[in-house]
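One structure is given below, encoded as structure tokens.
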Amino acid sequence: MLLSAIPNCNSRLISPTVNQEKGNQPDERQWMNPQRQLKFLQRLTPPLFAAFVALSPIITPPGSYAEAIDVQRGASLFGHACIGCHVAGGNIIQPGATLFLKDLQRNGVDTEEEIYNITYYGKGRMPGFGEMCTPRGQCTFGARLKEDEIKLLANFVKSQADQGWLNIGNGGD
């Protein structure tokens, strides 16, 4: 069946070397044995099936690729704009304002929308990063983020808070 689709399956290139170590010539007839072929296929099938499932576009819909890219972009943005103060979800300037879920809930910032608003406009010691952020003293003096970037960042922060900041690294750079 499947072996018939593989050309030269019983060639000397695939022959076992056990007999060669003893000084004997390899016996090609042992590869022609259906039981040996079946055992060979049984050993080969699981890794081939796993590779097929992992690479199959049916199993992994295109939407998940976009989601993975968005998470990576959010992590990268976090690494550039936020990690200086919020290493691993903490807060080096104001310890009670971490990005951990309990602190976000206590401070009324436990939704993506609220995280977006604070990231865009700033609050207290947290500067705003939005392009239209005002007043000037409340906004970062550094590079501003676009609206879609802040949305990705808010999504990333919320998902990390929900997971307890277990997957944070250097932002993927």
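Just so you know, these numbers come straight off a predicted model, no measurement behind them.
Remark: Tyr121 engages no residue in a ring-ring contact (aromatic ring centres under 6.0 Å, His included) (not counting sequence neighbours). A search for side chain to side chain contact (heavy atoms under 4.5 Å, CB included) contacts involving Ile150 returns Tyr116, Thr119, Tyr120, Leu145, not counting sequence neighbours. Partners of Cys82 according to the disulfide (SG to SG under 2.5 Å) rule, which considers only residues two or more places apart in sequence or in another chain, do not exist here. The side chain to side chain contact (heavy atoms under 4.5 Å, CB included) test applied to Gln105 returns Leu101, Asp110, not counting sequence neighbours. By the salt bridge (charged side-chain N to carboxylate O under 4.0 Å, His left out) test, Arg106 is found to be paired with Asp103, residues two or more places apart in sequence or in another chain being considered. Here Asp162 pairs with Lys158 under the salt bridge (charged side-chain N to carboxylate O under 4.0 Å, His left out) rule; sequence neighbours left out. By the side chain to side chain contact (heavy atoms under 4.5 Å, CB included) test, Thr140 pairs with Pro127, Phe129, Arg144, sequence neighbours left out. Under the salt bridge (charged side-chain N to carboxylate O under 4.0 Å, His left out) criterion, Glu147 pairs with Lys151, sequence neighbours left out.
Side-chain heavy atoms closer than 4.5 Å link hydrophobic residues (I, L, V, M, F, W, Y) into clusters, and following such links, even through other members, never connects Ile93 to Leu99. Follow the hydrophobic side-chain contacts under 4.5 Å out from Met126 and you reach Val87 in the same cluster. One hydrophobic cluster holds both Leu152 and Met132 under the rule that ILVMFWY side chains link at heavy-atom gaps under 4.5 Å.
Within the model, atoms CD of Gln163 and OG of Ser159 stand 5.5 Å from one another, a figure rounded to the nearest 0.5 Å. Atom CG of Asn155 and atom CG of Leu77 lie 11.5 Å apart (nearest 0.5 Å). Separation of atoms CD (Gln72) and CD1 (Ile69) is listed at 9.5 Å; rounding is to 0.5 Å. Atoms CG and CZ, on Leu153 and Arg73 in that order, are 11.0 Å from each other to the nearest 0.5 Å. With values rounded to the nearest 0.5 angstrom, Phe156 atom CZ is found 14.5 Å from Glu149 atom CD.
Within the structure, disulfide (SG to SG under 2.5 Å) contacts touching residues 118-159 (residues at least two apart or in different chains) are Cys133-Cys139. Sorted by first and then second residue, the salt bridge (Lys or Arg N to Asp or Glu O under 4.0 Å) pairs with a member in residues 111-126 form an empty list; sequence neighbours excluded.
Heavy atoms only, all atoms of each residue included: Leu104 and Thr98 are closest at CD2-O, 3.9 Å.
Classification of the Trp165-Phe100 ring pair by plane angle, with boundaries at 30° and 60°, yields perpendicular.
Here the side chains of Phe78 and Ile83 are in contact, with some heavy-atom distance below 4.5 Å.
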